[in-house]
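For reference, the structure discussed in these notes is given below.
So that the names make sense, note that chain A is the first sequence line, chain B the second, and so on, each numbered from 1.
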Amino acid sequence: MKFAVYLVAESSARLGSLTEFARIPEAVFETPLLLLHTRGASVPHLSYDLLQMVSTGHYMLQMPLVTLVDHTKNVKAFGKGIAEFAGLKIVDIGYHEKNSISPWTRGGRKLIDPQTYNISCIEALKPDMFQAIVDGDTTQSSSAKRVRKSVDVTVKFAGICADLKEKSDGSLSENLPRAFHGPITPIVLLKLVSKGIDILDGTFPWLVAERGSALVFPNSLSKENAPVTETLPSVKAPAVVATDQKVTKLADDNSNKEAVDRVYEINLKDKIYFSDTRPLLEGCSCYSCRKYSRNYVHHLTATGELQGPILIMMHNFHHYINSFKSIQQAIKDNE
Amino acid sequence: MTRHPLTFQVLAQCKTTKAKCSRMTLPHHVVETPVFMPVGTQGSLKGIVPEQLEQLNCQIMLGNTYHLGNRPGPDLLESCGGLHNFMGWSRNLLTDSGGFQMVSLLELAEITEEGVKFKSPYDGSECLLTPERSIEIQNAIGADIIMQLDDVVSSTVSGPRVEEAMHRTTRWLDRCLKAHKRPEAQNLFPIVQGGLDPKLRTESAKQLMDRDVAGFAIGGLSGGEGKDQFWKMVHLSTDLLPNDKPRYLMGVGFATDLVVCCALGCDMFDCVFPTRTARFGCALVETGQLNLKLKSFAQDFRPIDENCECSTCRRYTRAYLHTIATVETVACNLITVHNVAYQLKLMRNIRENILKGTFVDFIFNFMDTMYPKKDFPVWATDALRVVNIDLHERGSMHKHQQVDC
């Protein structure tokens, strides 16, 4: 795989592309790149057909190991890699894995060391890109010692993974893309891109959908500048890909940052939408907004119907994907 | 006689059984019968979007008045121009009266001549569902076919209560007809009752047939009664009800039941079974069900059904579905799509064989595939025998009909 930067803006934001993947040599992925989050190798709530109704573009999928590790031996028996196993042949062509050392799966705790990771997981699943396993078990309140240890362990693992990879097919990219993992709110997204991050994960739209909310933040070029309120973790770039993770808790995070960002979403569970006949977001061209109104989506979420999360996910992804396109355009136009 | 917003044209009649293939037109779309109607209880078919249903060529589906009457309620639905607009479904809808859910879901439902008295599950207040109120809600929902509020009695009950319910059902039908404000847009169907008593059922059918309606439903069955009594009441009902109006057998959806009841002369069916079982990870196939959660499917890389053309079978394997069944909601969407496809394909095969005059052979093949050990259910064998099909001695009865069929 090759990574090339072809434009760096004043802010340090960069435009680039990922090409020459071994499995799919003709594919080109523009960066900043959005990784679509998946669980069990499918985008949450969206089957292939529904995903096609959101966008027919090519996407790279992020596959957290924790949702797959129980099934690696079956995928290995299948023999053609996780993409085809999950019915994602032809359109969806790349993926990236993220995991912690001992993921908690439905079957309990599983221990993954670099050797196991490489042999059982990587060889079975055959991803186009994978991330070295990291010790991501730190939060904002971890002690300095714990954080140091996690970084040491991470670097060590990264080294082992890189060695194992080199032994198997000896290809390590020279120009290294920078990836950031973790749910990314719109403000953080802009800041990360402006610091030169190239690959970002798409967990955020899903997390918002899980709490019954639709993204409504403005995703085109006329954006206001939000004040910088938090510092970014530093980014390292050894081996293939490596990150420092700031692990944020799912959904019920009550920190100030989340409170500010809630302006950017509407919660369809709220009774105020009972008779609201507007689309989720006015002017949005996604399937959910073209066809349905807030009162129907409110009804679906209030009654616990599965179609609720489906419609919200379709909108959230569409919206988030479009915000990436706007960002790429803005970098090109130097805004 | 008023003009109903429904036409029913018999295209072919099976010469051996009572099955027929017909074409029904309703305000929103045409419906080919016999038809299976999937159930979208609360204004959506759980986990799939209307476009997927259209791709499967579903022409009519159900909504539940009890649920929709509570949430979002008739006022909102009316202001949106009805359930069709609200849920984005442009083909046909059928709503039930709400009576059945009320009696089965609520603990303290009490039936009086006025209506069904119950305690609201939301605030405990006393509510009353009358025939008038049921029709009012159904008028707001706007379905193409609406059902009368009937006095529902469990089929396991016997004695004077059954007769009381049968007569009351007729009286409630008249109240429903009077309260119906949109007869030019919505067809009101009565429901034949009478439990498992042939005399009562006959009386019920005769009374209902005296009213000017576009079609009839057969109710009070597919509850706890034994199958051997079930089929006899279906057979009796279809003998009585006119052939030129659709006959809707409520609550029937297992494949074998559908095939036999088509042979007995029913045209319309509904059931939650295929969509409900999908959510539990079970896929319907010609030989029964596959429980995809079983470890035996972990490395089964075939689709659910190699001959199925639904979008799930064209792209996904049993092994992959095994990994996500009941874990990820995507599995619900995928298996539901397949199960609905299976049901609709079964009905399409039934219709095509009736049209071609090969329905009898179809029944033999269907039964052989579903029961490879020839352990056909006794009730099915008995029921088919009265419509001139002997599953065990294939040649005997069929020969007499060969020239005709």
Side-chain angles (χ1 to χ4, degrees), chain A residues 38-53 67-68 70-80 82 84-91 105-106 210 273-277 287-288 290-293 295-300 302-311 313-314, chain B residues 40-52 55 67-68 70-73 75-77 79-81 83 85-90 275 279 295 297-301 303 310-337:
Chain A
T38 64
R39 301 194 78 73
S42 277
V43 174
H45 307 305
L46 303 183
S47 64
Y48 177 79
D49 286 346
L50 293 176
L51 201 54
Q52 291 291 90
M53 290 166 80
T67 68
L68 292 173
D70 282 338
H71 309 293
T72 50
K73 87 168 180 322
N74 298 327
V75 182
K76 186 161 191 153
F78 182 65
K80 298 185 220 167
I82 185 68
E84 205 165 315
F85 182 68
L88 300 168
K89 196 163 56 145
I90 301 172
V91 174
T105 68
R106 284 176 75 84
E210 287 295 283
Y273 299 113
F274 179 75
S275 46
D276 192 335
T277 54
Y287 168 75
S288 310
R290 275 183 286 121
K291 186 155 178 169
Y292 297 104
S293 45
N295 56 15
Y296 183 59
V297 183
H298 166 72
H299 167 70
L300 294 173
T303 53
E305 284 287 317
L306 287 169
Q307 214 185 323
I310 288 179
L311 293 181
M313 267 300 274
M314 288 173 81
Chain B
T41 310
Q42 304 202 76
S44 88
L45 210 79
K46 291 195 197 316
I48 75 181
V49 297
E51 278 74 5
Q52 291 177 298
Q55 270 160 21
H67 295 285
L68 293 168
N70 285 314
R71 300 183 295 190
D75 296 332
L76 181 74
L77 287 170
S79 70
C80 289
L83 183 60
N85 283 346
F86 191 58
M87 65 183 286
W89 172 247
S90 60
T275 41
R279 296 197 292 284
K295 286 209 167 54
F297 293 110
Q299 296 190 8
D300 187 339
F301 303 120
C310 82
S311 54
T312 301
C313 290
R314 276 190 273 120
R315 184 168 278 275
Y316 293 90
T317 61
R318 299 173 180 193
Y320 178 63
L321 292 169
H322 167 77
T323 64
I324 54 171
T326 74
V327 175
E328 300 295 334
T329 60
V330 173
C332 178
N333 178 294
L334 295 172
I335 304 177
T336 299
V337 165

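When B:Thr329, B:Asn333, B:Val330 are each tested for a side chain to side chain contact (heavy atoms under 4.5 Å, CB included) with A:Ile310, only one passes: B:Asn333.
Residues forming a side-chain contact (heavy atoms from CB on, under 4.5 Å) with A:Pro309 (at least two apart in sequence, or on another chain): A:His45. Contacts of B:Glu328 classified as side-chain contact (heavy atoms from CB on, under 4.5 Å), with partners at least two apart in sequence or in another chain: A:Arg39, B:Ile324.
Looking at B:Leu321, there are no atoms closer than 4.5 Å to chain A (heavy atoms on both sides), in backbone or side chain. For a residue to count as touching a neighbouring chain, one of its non-hydrogen atoms must lie under 4.5 Å from one of that chain's; by this rule A:Thr277 does not touch chain B. At a 4.5 Å heavy-atom cutoff, the contact between A:Gln307 and chain B is made by backbone and side-chain atoms alike. Only the side chain of A:Asp49 comes within less than 4.5 Å of a heavy atom of chain B; its backbone N, CA, C and O stay farther away. If you measure heavy-atom distances from B:Leu83 to chain A, you find no contacts under 4.5 Å at all. For B:Thr317, the part lying under 4.5 angstrom from a heavy atom of chain A is the side chain only. Interface residue A:Phe274: backbone and side-chain heavy atoms are both found under 4.5 Å from chain B. Contact annotation for A:Phe85: both backbone and side-chain heavy atoms come within less than 4.5 Å of a heavy atom of chain B. Only the side chain of B:Tyr316 comes within less than 4.5 Å of a heavy atom in chain A; its backbone stays farther off.
Atoms CG and OH, from A:Asn74 and B:Tyr320 in turn, are 13.0 Å apart once rounded to the nearest 0.5 Å.
For the 3.5 Å distance criterion, the side chains of B:Ser44 and A:Tyr296 fail to qualify, holding no donor opposite an acceptor.
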